[in-house]
2 protein chains.
Amino acid sequence: MPRRDGCGPPWFSGQLRGCGRRLTAARELILDVMSRKEGHFSVEEVYAAVRKQYPRVGLVTVYRTLTLLVEMGLLACHEFGDGRARYEMIRGSKSEDHHHHLVCTSCNRVVDYRDFIDDEVQLLKKTEAALSKRFRFKINDHVIEFYGLCEKCQK
Amino acid sequence: MPRRDGCGPPWFSGQLRGCGRRLTAARELILDVMSRKEGHFSVEEVYAAVRKQYPRVGLVTVYRTLTLLVEMGLLACHEFGDGRARYEMIRGSKSEDHHHHLVCTSCNRVVDYRDFIDDEVQLLKKTEAALSKRFRFKINDHVIEFYGLCEKCQK
DNA sequence: TTACAATTGAAAATCAATTTCAATAAGGAA
DNA sequence: TTCCTTATTGAAATTGATTTTCAATTGTAA
């Protein structure tokens, strides 16, 4: 696949080289697609979007690139229980972008929410401390998800 | 596989018949195994335990029976991110047995905790109400999980 | 006991994701 | 620019978990 410079952010090439990696058209394109889209996407969905611009990209490359972008801290990967991973752009720093999820169990739509989590996060800190002590775990992360039916799927 | 009456609870047969199902040795046995074990188990683990008593049981039947027991509300099924489902006995009523999880990302051990969730549940109720209103979701369930390293895996 | 339908096990199929490997392309050096 | 090394790629094969198919078996109501 031929290179196509300039569709991605300028720091991307540097960040790749910084860890001994190379800038390729596939990587630029996939990052570009992900950064334009708002929401959570399966590998197949990303693959379809990328293929519209470059039909030569293989599914395997999409898998590999998404994994790479997660390692680089640019994407987050979630599993909402339907057996396929979803990828989401992290906007801003990881901690700034922290949010929780609301998942429709019928249509699999996922809504991020950031507005109501201040109290949650504060309580989680306390809970984390208590759990850490009690079970001697070093806690690194948490997941809060609500499951239900979205407006459309209630009808 | 021959029947083997009496190893399961007496209400089990009735609950099955109540929804047009039959009591079989495999079903009694799998329920029995699950009710004796404390914790979360993969299909393979249940399969191994069941096979110790009845080597003729097939893996497919274990899959089918675990799914059935979840439908009947006797087991809960969780996915902790390693790509294989875990099944857990529900003891008492579903709401009485409510708990959250602490997952070791290294050895996949899962700890249930019930002691610290009173505050959590109260906050979740509030959050649920706010989210319901804002996003017009009918919320049925939630997941709270902490991820980290257990004592052994920190070393 | 009989008859019918649910259940079973083995094999095959499916589905997401990973690995293999030869061909290609990125990017530093000359 | 051209060359060279090595990372990256795509296609095909592979894996691992789970599901489906189907003929044989077994539960249960009559």
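Chain letters run A, B, ... following the sequence lines, proteins first and then strands; every chain starts at 1.
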Side chain to side chain contact (heavy atoms under 4.5 Å, CB included) against Ser35(A), all qualifying residues, sequence neighbours excluded: Asp32(A), Met89(A)
Mind checking side chain to side chain contact (heavy atoms under 4.5 Å, CB included) for Val121(B) and listing every partner two or more places apart, or none if nothing turns up? His98(B), Ile117(B), Lys125(B)
Indicate whether OP1 or OP2 belonging to dT9(D) is found under 4.0 Å from a side-chain N or O atom of Thr24(A). yes
Using the side chain to side chain contact (heavy atoms under 4.5 Å, CB included) criterion, which residues pair with Ser95(A)? Sequence neighbours excluded. Ser93(A)
Could you tell me how far apart Asp82(B) (CG) and dT18(C) (P) are, to the nearest whole angstrom? 13 Å
Tell me if the side-chain of Arg22(B) makes a donor-acceptor pair with the base of dA5(C), cut-off 3.5 Å, by modelled atom types. yes
Residues pairing under ring pair (Phe, Tyr, Trp, His ring centres under 6.0 Å) where one sits in residues 102-131 of chain B, two or more places apart or in two chains, turn out to be His100(B)-Tyr113(B)
Nearest atoms (heavy-atom pairs only) where Ile90(B) meets Gly73(B): CD1-O, 3.7 Å
Whole-Å distance between dT9(D) C1' and Leu16(A) CG? 15 Å
At a cut-off of 3.5 Å, list every protein nitrogen or oxygen paired with a nitrogen or oxygen from nucleotides 20-23 of chain C, distance to 0.1 Å.
{"unit_1": "dT20(C)", "atom_1": "O4", "unit_2": "Arg64(A)", "atom_2": "NH1", "d": "3.4"}

Each nucleotide N or O in nucleotides 28-30 of chain C that has a protein N or O under 3.5 Å away: list the pair and distance.
none

Between C1' on dT25(D) and CZ on Arg27(B), what's the gap in Å once rounded to a whole number? 14 Å
Judged by each residue's nearest nucleotide on DNA chain D, which is more toward the 5′ side, Ser13(B) or Arg51(A)? Arg51(A)
Return the value, rounded to whole Å, for the distance between atom OH of Tyr63(A) and atom P of dA16(C). 7 Å
Given the structure, check if the side chain of Arg21(A) and the base of dT8(D) hold any donor-acceptor pair shorter than 3.5 Å. no
Listed in order of residue number, which residues of residues 65-81 of chain B have a non-hydrogen atom at under 4.0 Å from DNA chain C? none
CD of Glu28(A) versus C1' of dT8(D): gap in Å, rounded? 15 Å
Contacts of type side-chain hydrogen bond (donor to acceptor under 3.5 Å, both in side chains), residue Ser42(B), not counting sequence neighbours: Glu45(B)
Ring centres of Phe146(B) and His101(B) under 6.0 Å apart? no
Name all pairs fulfilling the side chain to side chain donor-acceptor pair (under 3.5 Å) condition that reach into residues 80-89 of chain B, sequence neighbours left out, sorted by first residue then second. His40(B)-Glu88(B), His78(B)-Glu88(B), Asp82(B)-Arg86(B), Glu88(B)-His99(B)
Can you check the Arg56(A) CZ to dA25(C) C1' distance for me, whole Å? 11 Å
Which whole-number value in Å describes the distance from Phe12(A) CZ to dA26(C) P? 14 Å
The residue, Tyr47(B) or Glu44(A), whose nearest nucleotide of DNA chain C is more 5′ is Tyr47(B)
Rounded to the nearest angstrom, tell me the gap between atom CG in Leu59(B) and atom C1' in dG16(D). 12 Å
Please identify each residue that fulfils side chain to side chain contact (heavy atoms under 4.5 Å, CB included) with Thr105(A), with sequence neighbours left out. Tyr147(A), Leu149(A)
Is the NZ or CZ atom of Lys37(A) positioned over Phe41(A)'s six-membered ring, under 6.0 angstrom from the centre and within 45° of the axis? yes
Could you note down all residue pairs passing salt bridge (charged side-chain N to carboxylate O under 4.0 Å, His left out) where residues 11-22 of chain B supplies at least one of them, sequence neighbours left out? Arg21(B)-Glu71(B)
Partners passing side-chain hydrogen bond (donor to acceptor under 3.5 Å, both in side chains) against Lys126(B) (at least two apart in sequence or in another chain): none
